[in-house]
K.L.:
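Please see the structure below; I have some questions.
Each chain gets a letter, A, B and so on, in the order the sequences are listed, and its residues count up from 1.
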There are 2 protein chains.
Amino acid sequence: MADNSTRTAYTVDSLLAVTVGVFNERGYDGTSMEDLSRAAGISKSSIYHHVRGKEELLRLAVGRALDALFAILDEAEAETGPPVDRLEHVVRRTAEVLLSELPYVTLLLRVRGNTATEQWALERRRDFDHRVAELLRAAVTAGELRADVEPRLATRLLFGMINSIVEWYRPGAKGTDGVADAVVHLAFDGLRAR
Amino acid sequence: MADNSTRTAYTVDSLLAVTVGVFNERGYDGTSMEDLSRAAGISKSSIYHHVRGKEELLRLAVGRALDALFAILDEAEAETGPPVDRLEHVVRRTAEVLLSELPYVTLLLRVRGNTATEQWALERRRDFDHRVAELLRAAVTAGELRADVEPRLATRLLFGMINSIVEWYRPGAKGTDGVADAVVHLAFDGLRAR
DNA sequence: GTCTATAATCGGATAGAC
DNA sequence: GTCTATCCGATTATAGAC
């Protein structure tokens, strides 16, 4: 918007939405405050009015993604059904959260660990993975999942598949309906025709 | 090695091995020439004796990964068996190449497209994906793979799973034997007990 | 809440000696 | 083939006006 006088002033949230888009396009390290100011249509120093700096923008964004993901685990662990059903719930809901919080989760999954904020994010991701691996292990013990693949390895490959959604999914694009269904089908029953 | 006088002089290849390790730890954008010189134990200007700059190091590294991946497709497309067998060959060999060329493929998979070199790498990755999707489509047409998941979507999820190996695999670590086998089993037959 | 101007530092790259 | 010294543009962040 070219006319500053009619544009609604930024809030931290609306600034964050713009920021995350740029971080995902250019990478966090590859994004300068100049890039952000251009994308937001305000000056660099105006950004510093809302946040302490670039790293705080990263922390707020990945925090939003992490909160959404941990909420899924809290739901699943409160359920009473067989382990395999709870695991399926986590798989489906994680895929759905990836889609609904796409830019925030995308950023989270690309974090490498250069700064304190990035290391904090990696740590919380590891906690998430461990809790999922426990669910999967319980389903194997119950005889509901095949026992010939090590649970930790299966968890990693399973979430590798789910997380890869952020690499290509674009809302509204053709042929992206039923992504969560496809994930659940492939994960539990595989590609082969029966 | 602290003693410069006894260390073998770098070649482009040996310098590349060091470089790729740092790029993967800190990210390409997050790595400075200063970081590289410290890791290699030589000065910044000595690096410029071997390569034209930072971007050339990236090009050499991802080029090595791409060459290894395209060699797999050339093999598979030359085979004469049923499509599903050729696809399984590609899946297994891709997982194996990920393991054998781990740092180079890791770097390739993290490229985002900020520079000309990065865009060239993304383009070649798209070519690879399309050729795999064709193989998978042929296997669906032959009735060897389930028809209720769109081939492009299945390809993406399949390679999402395979590529995610670079996120956690460390050579020699416990519980990482039979990774390629696990990938093939999960991809074609799924997690569920039979 | 946003601006212009600028401080302070970092990072890629080069010159020229050994 | 490697070094020290340095150039200079880019980048994060701040000061102070409106």
Side-chain angles (χ1 to χ4, degrees), chain A residues 1-20 22-61 107 111-112 114-118, chain B residues 1-62 107 111-119:
Chain A
M1 192 176 305
D3 183 354
N4 287 349
S5 66
T6 62
R7 189 192 55 223
T8 304
Y10 275 108
T11 62
V12 172
D13 265 17
S14 63
L15 182 60
L16 199 58
V18 174
T19 296
V20 170
V22 183
F23 282 170
N24 284 332
E25 258 183 53
R26 312 186 49 79
Y28 174 71
D29 286 316
T31 301
S32 68
M33 294 299 279
E34 180 72 34
D35 292 331
L36 294 181
S37 86
R38 215 177 310 114
I42 60 179
S43 70
K44 277 192 290 181
S45 60
S46 295
I47 296 175
Y48 286 96
H49 173 78
H50 297 283
V51 292
R52 301 181 68 85
K54 188 173 145 179
E55 193 168 355
E56 181 165 317
L57 287 165
L58 180 66
R59 181 170 55 75
L60 292 169
L107 187 59
V111 152
R112 305 260 35 104
N114 286 354
T115 66
T117 296
E118 294 180 78
Chain B
M1 192 175 307
D3 183 353
N4 288 349
S5 65
T6 63
R7 190 191 56 224
T8 304
Y10 275 107
T11 62
V12 172
D13 266 16
S14 63
L15 181 59
L16 199 57
V18 174
T19 297
V20 170
V22 183
F23 281 170
N24 284 332
E25 258 183 54
R26 310 185 53 77
Y28 175 70
D29 285 318
T31 300
S32 69
M33 293 301 278
E34 180 72 34
D35 293 330
L36 294 181
S37 86
R38 215 178 309 114
I42 60 179
S43 69
K44 276 196 289 181
S45 59
S46 295
I47 296 176
Y48 285 95
H49 173 78
H50 296 284
V51 292
R52 301 181 68 86
K54 187 173 145 176
E55 193 168 354
E56 180 166 317
L57 287 165
L58 179 66
R59 181 171 54 74
L60 292 170
V62 300
L107 187 59
V111 151
R112 305 260 27 108
N114 285 355
T115 66
T117 296
E118 296 180 76
Q119 282 164 25

K.L.:
Could you check whether B/Lys44 gets within reach of a base, just the sugar-phosphate, or nothing at all, counting any heavy atom under 4.0 Å?
P.N.:
base
K.L.:
Think B/Tyr48 has a side-chain N or O under 4.0 angstrom from the OP1 or OP2 of C/dT14?
P.N.:
no
K.L.:
Check for a donor-acceptor pair, side chain of B/Ser14 on one end and backbone N or O of B/Tyr10 on the other, with a separation under 3.5 Å.
P.N.:
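No, because the side chain of B/Ser14 does not come within donor-acceptor range (under 3.5 Å) of the backbone of B/Tyr10.
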K.L.:
Starting from P on D/dG9, measure out to CD on A/Glu34 and report it in whole angstrom.
P.N.:
16 Å
K.L.:
Give the rounded distance in Å between these two atoms: CD of B/Glu55 and C1' of C/dG12.
P.N.:
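Computing the B/Glu55:CD to C/dG12:C1' distance gives 12 Å.
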K.L.:
Answer with base, sugar-phosphate or nothing: what part of the nucleic acid does A/Ser45 contact at a heavy-atom distance below 4.0 Å?
P.N.:
base
K.L.:
Does the side chain of A/His49 get closer than 4.0 angstrom to OP1 or OP2 of C/dT2 through an N or O atom?
P.N.:
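No.
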K.L.:
When the distance from NZ of B/Lys54 to P of C/dG11 is rounded to whole Å, what number comes out?
P.N.:
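Those two atoms, NZ and P, are 9 Å apart.
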K.L.:
Roughly how many Å is it from CD1 in B/Ile47 to P in C/dT14, rounded to a whole number?
P.N.:
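Going from B/Ile47 (CD1) to C/dT14 (P), I get 13 Å.
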K.L.:
Please report, rounded to the nearest Å, how far the C1' atom of D/dA10 is from the CE atom of B/Met33.
P.N.:
16 Å
K.L.:
By nearest heavy atom, map B/Ala9 and A/Asp29 onto DNA chain D; which one lands nearer the 5' end?
P.N.:
B/Ala9
K.L.:
State which of C/dT2, D/dC3, C/dG12 makes the closest approach to the side chain of A/Ser46.
P.N.:
C/dT2
K.L.:
Side chains of B/Ser45 and B/Ser43: donor-acceptor distance under 3.5 Å anywhere?
P.N.:
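B/Ser43 and B/Ser45 do have a side-chain donor-acceptor pair below 3.5 Å.
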K.L.:
With the side chain counted from C-beta on, respond yes when A/Leu57 and A/Leu36 share a heavy-atom pair under 4.5 Å apart, and no when they do not.
P.N.:
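Yes - at least one pair of side-chain heavy atoms lies under 4.5 Å apart.
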K.L.:
Check whether any side-chain heavy atom of B/Lys44 sits under 4.5 Å from a side-chain heavy atom of B/Glu34, and report yes or no.
P.N.:
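With C-beta onward as the side chain, the pair touches.
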K.L.:
Scan B/Thr31 against the nucleic acid and name what it touches under 4.0 Å (heavy atoms): base, sugar-phosphate only, or nothing.
P.N.:
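Sugar-phosphate, no base atom in range.
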